[in-house]
Amino acid sequence: MRFLQIHQIAQMFGVSILKRSIMRANSKTLLSVGASFLLLVAIGVVFRWLWSGVFLTEIHSDTVDTLFWAAASHDAGSIANPTFQYGYFIPFGGNLLMQPFVPLFGVGMTTLRIGMSLFILIFAFSAWFFFRSLGWSRMATTVGTALICAAGAATPKMREIYYGHVIYYSLSNIFFFFGCALMPSVITTERQSILKKVCFAFCFAWAASCGSPLLLYVIVPVFVGWILLRMGEKEPLSFRKETFTLLPGIIGTILGAIVYLWMSREVETNDYYSSYYSSFSPMTTWFARIADLVYNWFSLFDIDPCSGVKVIGEEGIPHAIRIVTALLAAVAPIIALCQFRLFSKKEQLLIVSHWVLMAETMFFWVFGNISDANWRICPIIITSVAVTICYIRNVFSYRHLYGKRYSFFPIAIMASFFVVVLIQTAALKCHWGIWRDNWTLIPLLRSLEVKHGYCSIYWFSNVITAVSDSEFEIREVAYLSLIHIS
(Lines give C-alpha, C1' and ligand atoms only; values in the text may rest on other atoms or scores of the structure.)
Protein backbone atom coordinates (compact mmCIF):
# COMPACT_ATOMS: atom_id res chain seq x y z
CA MET A 1 0.00 0.00 0.00
CA ARG A 2 2.71 2.40 0.99
CA PHE A 3 4.62 1.42 -2.14
CA LEU A 4 1.61 2.29 -4.30
CA GLN A 5 1.25 5.66 -2.62
CA ILE A 6 4.91 6.43 -3.18
CA HIS A 7 4.56 5.33 -6.81
CA GLN A 8 1.53 7.58 -7.33
CA ILE A 9 3.28 10.53 -5.73
CA ALA A 10 6.33 9.95 -7.93
CA GLN A 11 4.10 9.82 -11.01
CA MET A 12 2.34 13.02 -10.04
CA PHE A 13 5.65 14.71 -9.32
CA GLY A 14 7.01 13.57 -12.68
CA VAL A 15 3.93 14.81 -14.51
CA SER A 16 4.16 18.19 -12.79
CA ILE A 17 7.83 18.50 -13.77
CA LEU A 18 6.95 17.56 -17.35
CA LYS A 19 4.17 20.14 -17.43
CA ARG A 20 6.51 22.83 -16.12
CA SER A 21 9.11 21.91 -18.74
CA ILE A 22 6.51 22.10 -21.51
CA MET A 23 5.25 25.45 -20.23
CA ARG A 24 8.78 26.83 -20.07
CA ALA A 25 9.52 25.56 -23.57
CA ASN A 26 6.30 27.12 -24.87
CA SER A 27 7.05 30.44 -23.18
CA LYS A 28 10.56 30.49 -24.65
CA THR A 29 9.13 29.73 -28.08
CA LEU A 30 6.58 32.52 -27.76
CA LEU A 31 9.26 34.97 -26.64
CA SER A 32 11.50 33.98 -29.56
CA VAL A 33 8.61 34.39 -32.00
CA GLY A 34 7.78 37.77 -30.48
CA ALA A 35 11.42 38.91 -30.76
CA SER A 36 11.54 37.78 -34.39
CA PHE A 37 8.35 39.72 -35.03
CA LEU A 38 9.94 42.88 -33.59
CA LEU A 39 12.95 42.48 -35.88
CA LEU A 40 10.74 41.90 -38.92
CA VAL A 41 8.72 45.01 -38.04
CA ALA A 42 11.89 47.11 -37.70
CA ILE A 43 13.28 45.94 -41.05
CA GLY A 44 9.83 46.22 -42.64
CA VAL A 45 9.47 49.85 -41.56
CA VAL A 46 12.90 50.65 -42.99
CA PHE A 47 12.01 48.88 -46.26
CA ARG A 48 8.72 50.75 -46.41
CA TRP A 49 10.62 54.06 -46.09
CA LEU A 50 13.16 53.02 -48.71
CA TRP A 51 10.62 51.89 -51.32
CA SER A 52 8.10 54.69 -50.78
CA GLY A 53 7.98 58.24 -52.07
CA VAL A 54 9.23 59.46 -48.68
CA PHE A 55 12.73 58.29 -49.60
CA LEU A 56 12.63 60.41 -52.75
CA THR A 57 11.93 63.52 -50.71
CA GLU A 58 14.90 62.94 -48.39
CA ILE A 59 17.62 62.10 -50.90
CA HIS A 60 20.09 64.45 -52.58
CA SER A 61 23.24 64.11 -54.64
CA ASP A 62 25.25 62.74 -51.71
CA THR A 63 22.73 59.94 -51.24
CA VAL A 64 23.11 58.65 -54.80
CA ASP A 65 26.93 58.62 -54.83
CA THR A 66 27.08 54.83 -54.29
CA LEU A 67 24.83 54.37 -57.32
CA PHE A 68 27.13 56.42 -59.52
CA TRP A 69 30.20 54.56 -58.28
CA ALA A 70 28.48 51.34 -59.33
CA ALA A 71 27.68 52.85 -62.74
CA ALA A 72 31.29 53.99 -63.13
CA SER A 73 32.51 50.47 -62.34
CA HIS A 74 30.05 49.03 -64.86
CA ASP A 75 31.19 51.46 -67.57
CA ALA A 76 34.86 50.67 -66.94
CA GLY A 77 34.32 46.92 -66.71
CA SER A 78 36.27 46.87 -63.46
CA ILE A 79 35.90 47.99 -59.85
CA ALA A 80 37.89 51.22 -60.33
CA ASN A 81 37.20 53.67 -63.14
CA PRO A 82 40.20 55.95 -63.85
CA THR A 83 38.03 58.43 -65.81
CA PHE A 84 35.57 58.99 -62.96
CA GLN A 85 36.22 61.49 -60.16
CA TYR A 86 35.34 59.95 -56.81
CA GLY A 87 34.46 62.06 -53.79
CA TYR A 88 36.27 59.32 -51.85
CA PHE A 89 37.24 55.88 -53.07
CA ILE A 90 35.68 52.78 -51.48
CA PRO A 91 36.45 49.93 -53.91
CA PHE A 92 34.58 47.18 -52.06
CA GLY A 93 31.57 49.00 -50.63
CA GLY A 94 27.93 49.28 -51.58
CA ASN A 95 28.82 49.68 -55.25
CA LEU A 96 29.35 45.90 -55.39
CA LEU A 97 25.73 45.39 -54.35
CA MET A 98 24.38 47.74 -57.02
CA GLN A 99 26.70 47.03 -59.95
CA PRO A 100 24.99 43.74 -61.03
CA PHE A 101 21.67 45.58 -61.36
CA VAL A 102 22.93 48.53 -63.44
CA PRO A 103 22.62 46.65 -66.78
CA LEU A 104 19.17 45.39 -65.75
CA PHE A 105 17.53 48.54 -64.38
CA GLY A 106 19.91 51.31 -65.41
CA VAL A 107 21.21 54.17 -63.29
CA GLY A 108 18.05 54.85 -61.36
CA MET A 109 16.11 54.39 -58.17
CA THR A 110 15.34 50.70 -58.68
CA THR A 111 19.04 49.83 -58.75
CA LEU A 112 19.70 52.04 -55.74
CA ARG A 113 16.84 50.56 -53.75
CA ILE A 114 17.75 46.95 -54.48
CA GLY A 115 21.36 47.57 -53.48
CA MET A 116 20.36 49.34 -50.27
CA SER A 117 17.85 46.60 -49.43
CA LEU A 118 20.68 44.08 -49.56
CA PHE A 119 22.87 46.37 -47.48
CA ILE A 120 20.17 46.74 -44.82
CA LEU A 121 19.97 42.94 -44.50
CA ILE A 122 23.78 42.74 -44.20
CA PHE A 123 23.75 45.48 -41.55
CA ALA A 124 21.09 43.63 -39.54
CA PHE A 125 22.93 40.33 -39.93
CA SER A 126 26.20 41.83 -38.66
CA ALA A 127 24.46 42.99 -35.48
CA TRP A 128 22.72 39.61 -35.09
CA PHE A 129 25.99 37.73 -35.65
CA PHE A 130 27.77 39.87 -33.07
CA PHE A 131 25.14 39.52 -30.35
CA ARG A 132 24.94 35.80 -31.01
CA SER A 133 28.73 35.53 -30.63
CA LEU A 134 28.34 36.85 -27.08
CA GLY A 135 26.56 33.62 -26.19
CA TRP A 136 23.18 35.29 -25.91
CA SER A 137 19.91 33.48 -26.49
CA ARG A 138 18.12 33.83 -29.80
CA MET A 139 15.52 36.06 -28.16
CA ALA A 140 18.08 38.49 -26.69
CA THR A 141 20.05 38.47 -29.94
CA THR A 142 17.00 39.24 -32.05
CA VAL A 143 15.77 42.01 -29.74
CA GLY A 144 19.23 43.59 -29.72
CA THR A 145 19.35 43.48 -33.52
CA ALA A 146 15.91 45.09 -33.76
CA LEU A 147 17.04 47.95 -31.48
CA ILE A 148 20.17 48.52 -33.59
CA CYS A 149 18.04 48.66 -36.76
CA ALA A 150 15.70 51.15 -35.08
CA ALA A 151 18.64 53.32 -33.99
CA GLY A 152 19.76 53.50 -37.62
CA ALA A 153 16.36 54.96 -38.54
CA ALA A 154 16.14 57.44 -35.65
CA THR A 155 16.66 60.63 -37.70
CA PRO A 156 16.68 61.67 -41.37
CA LYS A 157 20.48 61.91 -41.24
CA MET A 158 20.85 58.47 -39.63
CA ARG A 159 18.51 57.01 -42.25
CA GLU A 160 20.57 58.62 -44.99
CA ILE A 161 23.87 57.33 -43.59
CA TYR A 162 22.78 53.76 -42.85
CA TYR A 163 19.91 53.07 -45.23
CA GLY A 164 20.28 55.67 -48.00
CA HIS A 165 23.80 55.05 -49.26
CA VAL A 166 26.97 53.22 -48.26
CA ILE A 167 29.95 55.19 -46.96
CA TYR A 168 32.66 54.79 -44.34
CA TYR A 169 30.39 55.34 -41.37
CA SER A 170 27.82 52.66 -42.17
CA LEU A 171 30.51 50.21 -43.30
CA SER A 172 32.49 50.80 -40.12
CA ASN A 173 29.72 49.49 -37.87
CA ILE A 174 29.33 46.35 -39.97
CA PHE A 175 33.05 45.55 -39.80
CA PHE A 176 33.14 46.59 -36.14
CA PHE A 177 30.46 44.02 -35.27
CA PHE A 178 32.05 41.28 -37.37
CA GLY A 179 35.52 42.16 -36.06
CA CYS A 180 34.49 41.98 -32.39
CA ALA A 181 32.68 38.71 -33.03
CA LEU A 182 35.63 37.08 -34.82
CA MET A 183 38.41 38.36 -32.55
CA PRO A 184 40.04 35.50 -30.64
CA SER A 185 39.53 35.20 -26.92
CA VAL A 186 41.97 37.04 -24.66
CA ILE A 187 42.51 33.68 -22.96
CA THR A 188 45.41 32.52 -25.13
CA THR A 189 44.97 28.85 -24.21
CA GLU A 190 41.74 28.69 -26.19
CA ARG A 191 42.20 27.41 -29.73
CA GLN A 192 40.54 28.80 -32.82
CA SER A 193 39.32 26.76 -35.74
CA ILE A 194 40.91 27.24 -39.14
CA LEU A 195 37.63 28.58 -40.52
CA LYS A 196 37.38 31.24 -37.82
CA LYS A 197 40.99 32.31 -38.43
CA VAL A 198 40.28 32.64 -42.15
CA CYS A 199 37.12 34.67 -41.49
CA PHE A 200 39.05 36.80 -38.99
CA ALA A 201 41.73 37.59 -41.58
CA PHE A 202 39.18 38.13 -44.37
CA CYS A 203 37.13 40.58 -42.27
CA PHE A 204 40.09 42.81 -41.52
CA ALA A 205 41.44 42.51 -45.06
CA TRP A 206 38.11 43.72 -46.45
CA ALA A 207 37.93 46.57 -43.94
CA ALA A 208 41.48 47.72 -44.74
CA SER A 209 40.79 47.53 -48.48
CA CYS A 210 38.04 50.15 -48.09
CA GLY A 211 40.42 52.94 -47.11
CA SER A 212 42.14 54.58 -44.14
CA PRO A 213 38.91 55.70 -42.36
CA LEU A 214 38.05 52.04 -41.80
CA LEU A 215 41.47 51.59 -40.16
CA LEU A 216 40.52 54.28 -37.65
CA TYR A 217 36.87 53.29 -37.18
CA VAL A 218 37.31 49.50 -37.08
CA ILE A 219 40.79 48.00 -36.97
CA VAL A 220 42.42 50.31 -34.42
CA PRO A 221 39.52 50.19 -31.90
CA VAL A 222 39.15 46.41 -32.08
CA PHE A 223 42.88 45.64 -31.97
CA VAL A 224 43.66 48.20 -29.26
CA GLY A 225 40.59 47.07 -27.30
CA TRP A 226 41.82 43.46 -27.41
CA ILE A 227 45.33 44.46 -26.34
CA LEU A 228 44.05 46.56 -23.43
CA LEU A 229 41.78 43.71 -22.38
CA ARG A 230 44.67 41.26 -22.56
CA MET A 231 46.86 43.53 -20.43
CA GLY A 232 44.26 43.37 -17.68
CA GLU A 233 44.42 39.57 -17.44
CA LYS A 234 46.34 37.78 -14.67
CA GLU A 235 48.10 35.54 -17.15
CA PRO A 236 51.62 36.88 -17.92
CA LEU A 237 51.99 38.67 -21.23
CA SER A 238 53.93 36.98 -24.00
CA PHE A 239 54.72 39.02 -27.08
CA ARG A 240 55.14 35.88 -29.14
CA LYS A 241 51.80 34.36 -28.07
CA GLU A 242 49.84 37.60 -28.49
CA THR A 243 51.35 38.28 -31.91
CA PHE A 244 50.60 34.73 -33.05
CA THR A 245 47.01 35.03 -31.79
CA LEU A 246 46.43 38.27 -33.73
CA LEU A 247 48.50 37.20 -36.74
CA PRO A 248 45.56 36.40 -39.07
CA GLY A 249 44.09 39.85 -38.49
CA ILE A 250 47.47 41.55 -38.90
CA ILE A 251 48.16 39.75 -42.17
CA GLY A 252 44.65 40.52 -43.40
CA THR A 253 45.03 44.22 -42.57
CA ILE A 254 48.37 44.47 -44.38
CA LEU A 255 47.05 42.68 -47.47
CA GLY A 256 43.90 44.81 -47.51
CA ALA A 257 45.92 48.03 -47.26
CA ILE A 258 48.15 46.90 -50.13
CA VAL A 259 45.09 46.13 -52.26
CA TYR A 260 43.62 49.56 -51.56
CA LEU A 261 46.86 51.38 -52.40
CA TRP A 262 47.24 49.37 -55.60
CA MET A 263 43.66 49.97 -56.75
CA SER A 264 43.63 53.67 -55.90
CA ARG A 265 46.89 54.52 -57.68
CA GLU A 266 45.12 55.63 -60.89
CA VAL A 267 41.83 56.79 -59.37
CA GLU A 268 41.03 60.48 -59.23
CA THR A 269 39.52 61.67 -55.95
CA ASN A 270 38.59 65.04 -54.51
CA ASP A 271 41.62 66.04 -52.43
CA TYR A 272 39.57 68.59 -50.49
CA TYR A 273 38.06 65.97 -48.21
CA SER A 274 41.31 64.21 -47.34
CA SER A 275 43.33 67.40 -46.89
CA TYR A 276 40.78 69.44 -44.92
CA TYR A 277 39.31 66.82 -42.59
CA SER A 278 42.70 65.33 -41.74
CA SER A 279 44.15 68.70 -40.68
CA PHE A 280 44.12 70.37 -37.26
CA SER A 281 41.55 72.99 -36.37
CA PRO A 282 42.38 76.41 -34.81
CA MET A 283 43.05 76.22 -31.08
CA THR A 284 40.52 78.99 -30.44
CA THR A 285 37.71 76.66 -31.54
CA TRP A 286 38.54 73.63 -29.40
CA PHE A 287 36.30 74.40 -26.43
CA ALA A 288 33.39 75.33 -28.69
CA ARG A 289 33.75 72.00 -30.46
CA ILE A 290 33.31 70.13 -27.17
CA ALA A 291 29.95 71.86 -26.69
CA ASP A 292 29.08 71.09 -30.32
CA LEU A 293 29.68 67.40 -29.65
CA VAL A 294 26.97 67.39 -26.98
CA TYR A 295 24.55 69.26 -29.24
CA ASN A 296 25.19 66.96 -32.21
CA TRP A 297 24.87 63.86 -30.02
CA PHE A 298 21.29 64.83 -29.17
CA SER A 299 20.56 65.96 -32.74
CA LEU A 300 21.26 62.44 -34.04
CA PHE A 301 18.49 61.17 -31.78
CA ASP A 302 16.16 63.63 -33.58
CA ILE A 303 15.69 65.88 -30.58
CA ASP A 304 14.46 69.21 -31.92
CA PRO A 305 11.43 70.25 -29.86
CA CYS A 306 9.86 73.56 -30.75
CA SER A 307 9.95 76.27 -28.13
CA GLY A 308 6.75 76.28 -26.10
CA VAL A 309 5.82 72.65 -26.83
CA LYS A 310 4.43 70.97 -23.72
CA VAL A 311 6.55 68.11 -22.40
CA ILE A 312 3.45 66.07 -21.52
CA GLY A 313 1.68 66.29 -24.84
CA GLU A 314 1.31 64.59 -28.20
CA GLU A 315 4.44 66.29 -29.56
CA GLY A 316 6.39 66.55 -26.33
CA ILE A 317 6.32 62.94 -25.14
CA PRO A 318 8.19 61.50 -28.18
CA HIS A 319 10.88 64.17 -27.74
CA ALA A 320 11.10 63.38 -24.03
CA ILE A 321 11.58 59.68 -24.83
CA ARG A 322 14.32 60.49 -27.32
CA ILE A 323 16.06 62.78 -24.79
CA VAL A 324 16.04 60.10 -22.10
CA THR A 325 17.30 57.51 -24.62
CA ALA A 326 20.15 59.81 -25.69
CA LEU A 327 21.10 60.27 -22.03
CA LEU A 328 20.92 56.51 -21.40
CA ALA A 329 23.11 55.79 -24.45
CA ALA A 330 25.66 58.29 -23.13
CA VAL A 331 25.62 57.11 -19.50
CA ALA A 332 25.29 53.30 -19.92
CA PRO A 333 28.80 52.86 -21.43
CA ILE A 334 30.24 54.77 -18.46
CA ILE A 335 28.42 52.52 -15.98
CA ALA A 336 29.45 49.45 -17.97
CA LEU A 337 33.09 50.55 -17.76
CA CYS A 338 32.78 51.02 -13.99
CA GLN A 339 31.22 47.55 -13.60
CA PHE A 340 33.59 46.04 -16.12
CA ARG A 341 34.22 42.71 -14.37
CA LEU A 342 30.54 41.77 -14.39
CA PHE A 343 30.58 41.24 -18.16
CA SER A 344 31.85 38.32 -20.20
CA LYS A 345 35.13 38.56 -22.11
CA LYS A 346 33.40 39.23 -25.42
CA GLU A 347 31.20 41.88 -23.84
CA GLN A 348 34.28 43.45 -22.28
CA LEU A 349 35.85 43.63 -25.73
CA LEU A 350 32.80 45.52 -27.00
CA ILE A 351 32.99 47.99 -24.11
CA VAL A 352 36.72 48.67 -24.42
CA SER A 353 36.62 48.89 -28.24
CA HIS A 354 33.73 51.33 -28.00
CA TRP A 355 35.71 53.57 -25.68
CA VAL A 356 38.75 53.45 -27.96
CA LEU A 357 36.51 54.46 -30.86
CA MET A 358 34.98 57.18 -28.69
CA ALA A 359 38.44 58.53 -27.80
CA GLU A 360 39.49 58.58 -31.45
CA THR A 361 36.31 60.34 -32.52
CA MET A 362 36.55 62.94 -29.76
CA PHE A 363 40.19 63.64 -30.64
CA PHE A 364 39.45 64.29 -34.30
CA TRP A 365 36.25 66.13 -33.40
CA VAL A 366 37.91 68.58 -31.00
CA PHE A 367 41.36 68.96 -32.54
CA GLY A 368 40.47 68.19 -36.17
CA ASN A 369 37.76 69.33 -38.56
CA ILE A 370 35.27 66.45 -38.58
CA SER A 371 32.99 68.50 -36.33
CA ASP A 372 31.75 70.34 -39.41
CA ALA A 373 29.18 67.56 -39.88
CA ASN A 374 27.28 65.69 -37.18
CA TRP A 375 27.04 62.43 -39.13
CA ARG A 376 30.72 61.73 -38.45
CA ILE A 377 29.79 60.57 -34.95
CA CYS A 378 27.17 58.13 -36.26
CA PRO A 379 29.44 55.10 -35.63
CA ILE A 380 29.71 55.86 -31.91
CA ILE A 381 25.93 56.33 -31.73
CA ILE A 382 25.46 52.74 -32.92
CA THR A 383 28.22 51.31 -30.71
CA SER A 384 26.82 53.24 -27.73
CA VAL A 385 23.40 51.68 -28.34
CA ALA A 386 25.08 48.25 -28.59
CA VAL A 387 26.84 48.77 -25.23
CA THR A 388 23.58 50.01 -23.74
CA ILE A 389 21.78 46.85 -24.89
CA CYS A 390 24.60 44.77 -23.41
CA TYR A 391 24.35 46.68 -20.11
CA ILE A 392 20.56 46.23 -19.92
CA ARG A 393 20.87 42.52 -20.58
CA ASN A 394 23.37 42.20 -17.73
CA VAL A 395 21.18 44.22 -15.39
CA PHE A 396 18.36 41.82 -16.17
CA SER A 397 20.53 38.71 -15.80
CA TYR A 398 22.48 39.35 -12.59
CA ARG A 399 19.54 39.01 -10.26
CA HIS A 400 21.61 38.67 -7.09
CA LEU A 401 23.37 41.96 -7.75
CA TYR A 402 20.76 44.26 -9.19
CA GLY A 403 17.41 42.55 -9.16
CA LYS A 404 15.23 42.25 -12.24
CA ARG A 405 12.95 44.95 -10.93
CA TYR A 406 15.65 47.60 -11.48
CA SER A 407 16.07 46.58 -15.12
CA PHE A 408 12.52 47.78 -15.78
CA PHE A 409 13.62 51.39 -16.20
CA PRO A 410 16.26 51.00 -18.95
CA ILE A 411 14.13 48.35 -20.66
CA ALA A 412 11.13 50.69 -20.66
CA ILE A 413 13.26 53.51 -22.07
CA MET A 414 14.66 51.44 -24.96
CA ALA A 415 11.26 49.87 -25.68
CA SER A 416 9.63 53.31 -25.81
CA PHE A 417 12.40 54.57 -28.10
CA PHE A 418 11.90 51.56 -30.38
CA VAL A 419 8.15 52.19 -30.62
CA VAL A 420 8.51 55.95 -31.15
CA VAL A 421 11.11 55.60 -33.91
CA LEU A 422 9.17 52.96 -35.83
CA ILE A 423 5.81 54.72 -35.52
CA GLN A 424 7.21 58.07 -36.58
CA THR A 425 9.22 56.54 -39.44
CA ALA A 426 6.22 54.55 -40.68
CA ALA A 427 4.03 57.66 -40.48
CA LEU A 428 6.36 59.80 -42.59
CA LYS A 429 4.73 61.44 -45.60
CA CYS A 430 6.19 63.05 -48.67
CA HIS A 431 7.62 66.42 -47.73
CA TRP A 432 9.77 68.11 -50.32
CA GLY A 433 11.56 70.38 -47.85
CA ILE A 434 14.85 71.94 -48.90
CA TRP A 435 15.16 69.65 -51.94
CA ARG A 436 12.01 71.02 -53.59
CA ASP A 437 14.06 72.52 -56.43
CA ASN A 438 15.13 69.05 -57.55
CA TRP A 439 11.51 68.24 -58.35
CA THR A 440 10.57 71.57 -59.92
CA LEU A 441 13.46 71.16 -62.36
CA ILE A 442 12.20 67.85 -63.76
CA PRO A 443 8.98 69.29 -65.31
CA LEU A 444 11.07 72.18 -66.64
CA LEU A 445 13.50 69.79 -68.33
CA ARG A 446 10.61 67.85 -69.87
CA SER A 447 9.09 71.05 -71.23
CA LEU A 448 12.42 71.95 -72.80
CA GLU A 449 12.67 68.45 -74.33
CA VAL A 450 16.31 67.98 -73.37
CA LYS A 451 17.98 64.74 -72.38
CA HIS A 452 21.56 65.70 -71.54
CA GLY A 453 23.09 68.56 -69.62
CA TYR A 454 25.66 69.78 -67.18
CA CYS A 455 25.33 71.76 -64.01
CA SER A 456 27.67 73.78 -61.82
CA ILE A 457 25.64 73.14 -58.66
CA TYR A 458 26.35 69.70 -57.23
CA TRP A 459 22.99 69.34 -55.48
CA PHE A 460 21.06 69.75 -58.77
CA SER A 461 23.12 67.33 -60.86
CA ASN A 462 23.44 63.65 -59.99
CA VAL A 463 20.22 63.41 -57.99
CA ILE A 464 18.07 64.46 -60.96
CA THR A 465 19.69 61.76 -63.08
CA ALA A 466 18.91 59.15 -60.42
CA VAL A 467 15.32 60.09 -59.55
CA SER A 468 14.40 60.39 -63.24
CA ASP A 469 15.86 56.91 -63.90
CA SER A 470 18.37 58.48 -66.31
CA GLU A 471 15.62 60.19 -68.32
CA PHE A 472 17.83 63.25 -67.92
CA GLU A 473 21.58 62.68 -67.75
CA ILE A 474 23.02 65.65 -65.91
CA ARG A 475 26.62 65.86 -64.77
CA GLU A 476 28.35 68.31 -62.51
CA VAL A 477 30.93 70.67 -63.98
CA ALA A 478 33.00 72.29 -61.27
CA TYR A 479 34.13 75.40 -63.11
CA LEU A 480 30.82 76.83 -64.28
CA SER A 481 28.97 79.47 -62.33
CA LEU A 482 25.56 79.12 -64.03
CA ILE A 483 23.34 76.16 -64.88
CA HIS A 484 23.55 75.34 -68.56
CA ILE A 485 21.54 72.74 -70.39
CA SER A 486 22.38 71.48 -73.86
Side-chain angles (χ1 to χ4, degrees), residues 34-60 62-64 109-110 112-114 116-117 119-121 123-124 127 142-165 170 296-329 374-375 378 381-382 385 388-389 411-436 438-439 463 467:
S36 301
F37 176 75
L38 292 178
L39 179 58
L40 290 175
V41 169
I43 295 177
V45 168
V46 174
F47 276 6
R48 184 262 176 193
W49 168 82
L50 178 65
W51 286 88
S52 69
V54 178
F55 178 58
L56 297 178
T57 66
E58 292 188 1
I59 67 172
H60 45 76
D62 269 358
T63 316
V64 300
M109 295 309 299
T110 302
L112 176 63
R113 282 166 163 158
I114 293 175
M116 289 313 304
S117 297
F119 181 80
I120 290 167
L121 295 177
F123 178 72
T142 308
V143 170
T145 305
L147 288 171
I148 292 292
C149 292
T155 67
K157 181 55 66 176
M158 292 287 283
R159 289 193 294 271
E160 175 197 333
I161 295 298
Y162 286 97
Y163 306 139
H165 64 150
S170 51
N296 285 288
W297 175 273
F298 283 97
S299 70
L300 288 174
F301 283 88
D302 203 17
I303 299 167
D304 188 20
C306 299
S307 178
V309 173
K310 294 182 178 180
V311 175
I312 307 300
E314 185 178 352
E315 295 183 19
I317 290 177
H319 286 297
I321 291 172
R322 289 176 181 270
I323 291 172
V324 175
T325 305
L327 291 172
L328 177 63
N374 66 348
W375 60 82
C378 285
I381 295 288
I382 297 298
V385 172
T388 302
I389 295 168
I411 289 174
I413 291 170
M414 294 304 294
S416 301
F417 174 73
F418 179 82
V419 172
V420 166
V421 168
L422 294 190
I423 289 178
Q424 292 185 339
T425 303
L428 287 173
K429 297 181 180 179
C430 294
H431 55 95
W432 304 110
I434 62 174
W435 308 116
R436 181 183 298 274
N438 292 337
W439 300 97
V463 66
V467 298

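Gly152 and Ile382 get closest at one heavy-atom pair: N-CD1, 4.2 Å. Between Val420 and Pro318, the shortest heavy-atom distance links the atoms CG1-CB, 3.9 Å. The minimum heavy-atom distance between Ile161 and Cys378, with the atom names listed, is CG1-SG, 4.2 Å. Heavy atoms only, all atoms of each residue included: Leu112 and Gly164 are closest at CD1-O, 4.0 Å. Closest of all the heavy-atom pairs between His165 and Thr63 is CB-O, 3.0 Å. A pairwise comparison of heavy atoms in Thr388 and Ala329 identifies OG1-CA, 3.5 Å as the closest pair.
Residues meeting the side chain to side chain donor-acceptor pair (under 3.5 Å) test with Ser117, sequence neighbours left out: Trp51. Judged as a side chain to side chain donor-acceptor pair (under 3.5 Å), and not counting sequence neighbours, Thr425 has no contacts. For Val41, the side-chain contact (heavy atoms from CB on, under 4.5 Å) partners at least two apart in sequence or on another chain are Phe37, Val45, Leu422.
Taken from CD1 in Ile43 to OG1 in Thr145, the straight-line distance is 8.5 Å, to the nearest 0.5 Å. Distance check: Thr155 OG1 to Ile381 CD1 gives 8.5 Å after rounding to the nearest 0.5 Å. Asp62 contributes atom CG, which lies 6.5 Å from atom CH2 of Trp375 (distance to the nearest 0.5 angstrom). Once rounded to the nearest 0.5 Å, the distance linking OH of Tyr163 with CE of Met116 reads 9.5 Å. Summarising the geometry, atom SG belonging to Cys149 is positioned 10.5 Å from atom CG belonging to Leu40; distances are rounded to the nearest 0.5 Å. Here CZ of Phe418 is found 11.5 Å from CD1 of Ile148. Values are rounded to the nearest 0.5 Å.
Between Tyr162 and Phe123, the ring planes are tilted. Angles from 30° to 60° get that label.
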Item checked: Evaluation steps, side-chain contact (heavy atoms from CB on, under 4.5 Å), between Glu160 and Ile59 -> CA-CA 7 Å; Glu160 175 197 333; Ile59 67 172; over 6 Å; no
Next item on the list: Could you walk me through whether Arg322 and Phe298 pass the side-chain contact (heavy atoms from CB on, under 4.5 Å) test, one step at a time?
Entry: CA-CA 8 Å; Arg322 289 176 181 270; Phe298 283 97; over 6 Å; no
Notebook entry, point to check: Given Leu38 and Thr142, is the side-chain contact (heavy atoms from CB on, under 4.5 Å) satisfied, shown in steps?
Noted result: CA-CA 8 Å; Leu38 292 178; Thr142 308; over 6 Å; no
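Side-chain atoms of Arg113 do not come within 3.5 Å of backbone N or O of Phe47 as any donor-acceptor pair. At distances below 3.5 Å, at least one donor-acceptor pair connects side-chain atoms of Arg48 with backbone N or O atoms of Ala426. No side-chain donor-acceptor contact under 3.5 Å links Arg159 to the backbone of Leu50.
Side chain to side chain, Glu58 and Trp49 meet the donor-acceptor criterion of an N or O pair below 3.5 Å.
When side chains are defined from C-beta on, Asp302 counts as touching Pro156, because their heavy atoms get closer than 4.5 Å. Put simply, the side chain of Val385 reaches to within 4.5 Å of the side chain of Met414, judged on heavy atoms.
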